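Predicted, not measured: the structure shown is a model, and the values here were computed from it. Scope of the values below: all heavy atoms of this structure, side chains included, with no hydrogens, waters or symmetry mates.
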Amino acid sequence: MAPDRKPSLGQSAGPEAGKDTYAAMIAKARGLVPRLRERAARTEELRHLPSETEMDLHDAGLFRMLQPARVGGAELDYVALVDCAELLGQADASVAWNLANLASHHWMLGMFEQRAQDLVWGRDPDALIASSFIFPAGRATRVKGGYQLHGSWPFSSGVASCEWNMLASVVYSDDEADGIEYRIFLLPKGDYTVLDTWNVAGLRGTGSCDVEVRDAFVADHMTVAVGDLSGGPTPGSKVNPNPLYALPVFSLFPYVLSGVALGNAQVCLDDYTEVARHRISTYNRAKLSDFQSTQIKIAEASAKIDAARLIMRSACLDAMEDARFGRIPDMATKTRYRRDGSFSVNLCTDAVSMLFAASGARGLFTSGVLQRQFRDAHAINSHLAFNFDAAGTNYGRVALGLPSENLTL
């Protein structure tokens with residue numbers, strides 16, 4: 001299976017000093033796969049992660065893989081998100097999705113001012129933080145000491161388990177000359193309402209419900225400007241000097257979740273190959289493994305998945321190397337990260353779709369896992385970060401000398 005092949009093609013997992021911690025985290029994630037796969041049907045039925053699954057992820061330290069070491073986190077390199085999400089995605093894409101999402105928010109909190117970090121982690125270093133980074137969903141105005149925030153945000157994954165939420169909003173000014181600003185606001189759960197809206201076809205177990213805020217006050221230090229997250233030192237760099245906390249957040253945004261698609265595609269291929277190895281055709285009693293079409297589909301799907309893995313990991317490793325040397329990526333590099341993040345997930349979706357079609361009527365049964373892998377693949381691909389039309393258009397614009405249309409980069 002894929003995790004045994006990583007790091008692949010000469011790529012390291014990170015600096016020498018972190019190899020043992022990285023290997024231990026990967027081993028813990030791998031050890032959870034069998035039991036998470038057994039719970040997958042129940043997770044879908046619940047529409048959120050079972051409490052025992054959350055406890056397993058906490059006990060393994062997976063939520064804290066990118067959290068600063070100064071508060072007990074593992075402080076692994078960014079590529080750990082892809083690798084751990086791939087492993088858990090081979091068990092259940094919903095679990096992998098929530099794990100990667102919530103783990104990434106510990107990383108992002110490490111970029112806020114120390115006062116915000118201390119308020120959250122001082123109370124509970126294991127506290128989970130949800131998010132919704134849909135900026136137009138909110139409206140914020142500047143007031144004395146902070147901001148007044150109002151809005152309704154969709155797709156806040158795992159929110160029912162979280163004590164905090166990072167909500168993105170546009171900040172408006174009465175003076176039109178000031179323009180608008182993109183900013184992220186960190187709120188305790190008492191300041192927002194969760195709306196049970198998550199009734200969907202794929203990623204059913206993520207509990208990605210809507211949240212609503214009605215005129216909440218958010219202090220200055222509980223917010224961070226998107227412009228401070230575009231690469232280079234952040235407000236949190238004073239206490240978290242690791243280059244991990246100087247990465248360009250929204251340029252690398254696809255790789256928070258891309259490993260979920262990778263793991264889902266890999267296990268779909270593994271399952272298909274295992275079935276084809278032993279299955280006899282219903283119509284002519286021939287072995288499927290003898291069909292050239294079966295052999296070609298396995299080759300094509302595996303090539304897409306291996307290419308996707310290389311693209312995802314390369315982007316993360318290159319970004320970490322740049323950060324270590326203090327290099328801030330230019331706009332061409334940032335749009336390339338977005339392009340490659342969406343393209344690699346599209347490769348995974350193509351592989352799953354091809355294998356689903358090749359499986360015939362067998363894939364239709366709800367008692368099997370293939371239909372869930374197909375639904376989850378397309379649910380993952382529906383995320384805006386994986387829309388290749390958007391990412392490709394912006395990459396092409398910048399390549400042609402036009403300004404980027406993505407205001408978060």
Quick check on the 6.0 Å ring-centre criterion: do Phe63 and His58 meet it? yes
One should read off an interatomic distance between Glu75 CD and Arg64 CZ, to the nearest 0.5 angstrom, of 12.0 Å
Between Thr234 and Asp228, is there a side-chain heavy-atom distance shorter than 4.5 Å? no
Value for CG (Asp306) from CG (Leu310), rounded to nearest 0.5 Å, stands at 9.0 Å
Does the Ser169 side chain pair with the main chain of Gly138, one donor and one acceptor, at a distance under 3.5 Å? yes
Flag the pair Asn165 / Lys189 as yes when at least one side-chain heavy-atom distance between them is below 4.5 Å, and no otherwise. no
Can you check whether Thr193's main-chain N or O pairs, donor with acceptor, with Arg214's side chain at less than 3.5 Å? no
Test item: Val171 and Tyr182 side chains (from C-beta on) under 4.5 Å apart, heavy atoms: no
Can you tell whether the side chains of Asp271 and Arg277 come within less than 4.0 Å, N to carboxylate O? no
Taking Thr223 for the side chain and Ile184 for the main chain, is one N or O donor matched with an acceptor at less than 3.5 Å? no
Will you find, in the side chains of Arg183 and Tyr147, an N or O donor that is under 3.5 Å from an N or O acceptor? yes
Between the side chains of Asp318 and Tyr337, does any donor sit under 3.5 Å from an acceptor? no
salt_bridge(Glu44, Arg375) N-O dist < 4.0 Å: yes
Checking side-chain polar atoms at under 3.5 Å, does Thr53 have a donor or acceptor matched by the opposite partner on Asp56? no
Is there a donor-acceptor contact under 3.5 Å linking the side chains of Glu54 and Ser161? yes
Test side chain to side chain contact (heavy atoms under 4.5 Å, CB included) on Leu149 and Asp215; report intermediate values, then the result. CA-CA 5 Å; Leu149 181 66; Asp215 294 321; over 6 Å; no
Is it true that Asp77 and Arg324 make a salt bridge, defined as a side-chain N closer than 4.0 Å to a carboxylate O? yes
Does one side chain, of Thr206 or Asn98, offer a donor that lies under 3.5 Å from an acceptor on the other? no
Determine the minimum heavy-atom distance between Ser132 and Trp153, stating which atoms define it. OG-CB, 3.4 Å
His48 side chain to Thr43 side chain, donor-acceptor N/O pair below 3.5 angstrom: no
Would you say His383's side chain and Ala379's backbone share a donor-acceptor pair under 3.5 angstrom? no
Report the C-alpha distance between Val213 and Asp191 in whole Å, list the side-chain angles of each, state the deciding distance to 0.1 Å, and finish with yes or no for side chain to side chain contact (heavy atoms under 4.5 Å, CB included). CA-CA 7 Å; Val213 174; Asp191 285 355; 5.8 Å; no
Leu32 and Arg35: CA distance, side-chain angles, deciding distance, side chain to side chain contact (heavy atoms under 4.5 Å, CB included) verdict: CA-CA 6 Å; Leu32 292 177; Arg35 73 182 80 165; 3.9 Å; yes
Quick one: does Arg204's side chain have a donor or acceptor within less than 3.5 Å of a partner on Val200's backbone? yes
Sub-6.0 Å ring centroid separation between Tyr78 and Trp107: yes
Shortest non-hydrogen contact from Lys144 to Phe217? O-CE1, 3.7 Å
Exam field: side chain Gln117 to backbone Gly110, donor-acceptor pair closer than 3.5 Å: yes
Report yes or no: do Asn240 and Arg70 form a side-chain donor-acceptor pair below 3.5 Å? yes
Show the numbers, then the answer: is there a side chain to side chain contact (heavy atoms under 4.5 Å, CB included) between Arg39 and Asp92? CA-CA 8 Å; Arg39 294 179 193 150; Asp92 184 342; 6.0 Å; no
Which pair of non-hydrogen atoms, one from Ser342 and one from Ala385, has the smallest distance, and what is that distance? CB-O, 3.5 Å
Arg309 and side-chain contact (heavy atoms from CB on, under 4.5 Å): which partner among Leu262, Asp83, Leu347? Leu262
Around Glu45, counting heavy atoms of other residues, nucleotides and ligands shown, do more than 12 lie under 6.0 Å from its CD? no
Are Met166 and Phe133 packed together at the side-chain level, in the sense that at least one heavy-atom pair is separated by less than 4.5 angstrom? yes
Donor-acceptor pair, distance only, cut-off 3.5 Å: does the side chain of Ser314 make one with the backbone of Ile311? no
Expected output: side-chain Glu86 to main-chain Gly263 donor-acceptor under 3.5 Å: no
Thr141 and His150: side chain to side chain donor-acceptor pair (under 3.5 Å), yes or no, with the steps? CA-CA 9 Å; Thr141 53; His150 183 91; over 6 Å; no
Are side-chain heavy atoms of Leu186 and Leu109 found at a separation under 4.5 Å? yes
Closest approach of Pro125 to His106 (non-hydrogen atoms, all atoms of both residues): O-CE1, 3.6 Å
Apply side chain to side chain donor-acceptor pair (under 3.5 Å) to the pair Thr349 and Asn346, showing each step before the final yes or no. CA-CA 5 Å; Thr349 309; Asn346 286 190; 5.1 Å; no
Gap separating the CG atom of Leu49 from the CG atom of Leu57, nearest 0.5 angstrom: 7.0 Å
Is any side-chain heavy atom of Leu119 less than 4.5 Å from a side-chain heavy atom of Trp164? yes
Roughly how far, to the nearest 0.5 Å, is the CG atom of Leu409 from the CZ atom of Arg338? 6.0 Å
Ring-face cation of Arg139 near Tyr172 (centre distance under 6.0 Å, axis angle within 45°): yes
Work out which heavy atom in Arg313 is nearest to a heavy atom in Val82; give both atom names and the distance. CG-CG1, 4.4 Å
Is a side-chain donor or acceptor of Ser258 paired with a backbone partner of Gly341 at a separation under 3.5 angstrom? no
Hey, are the side chains of Thr408 and Phe253 touching, using non-hydrogen atoms and a 4.5 Å cut-off? no
Just checking, any donor-acceptor pair under 3.5 angstrom between side chains of Arg142 and Gln148? no
Is it true that Thr335 and Asn394 share a donor-acceptor pair across their side chains at a distance under 3.5 Å? no
Counting only heavy atoms not in Phe135, do more than 12 fall under 6.0 Å of its CZ? yes
Salt-bridge present (Arg47, Asp196; N to O < 4.0 Å): yes
Non-hydrogen side-chain atoms of Cys268 and Met354 separated by less than 4.5 Å: no
Which atom of Phe112 lies closest to which atom of Met222, heavy atoms considered: CE2-O, 3.6 Å
Any donor-acceptor pair under 3.5 Å linking the side chain of Ser230 with the backbone of Val226? no
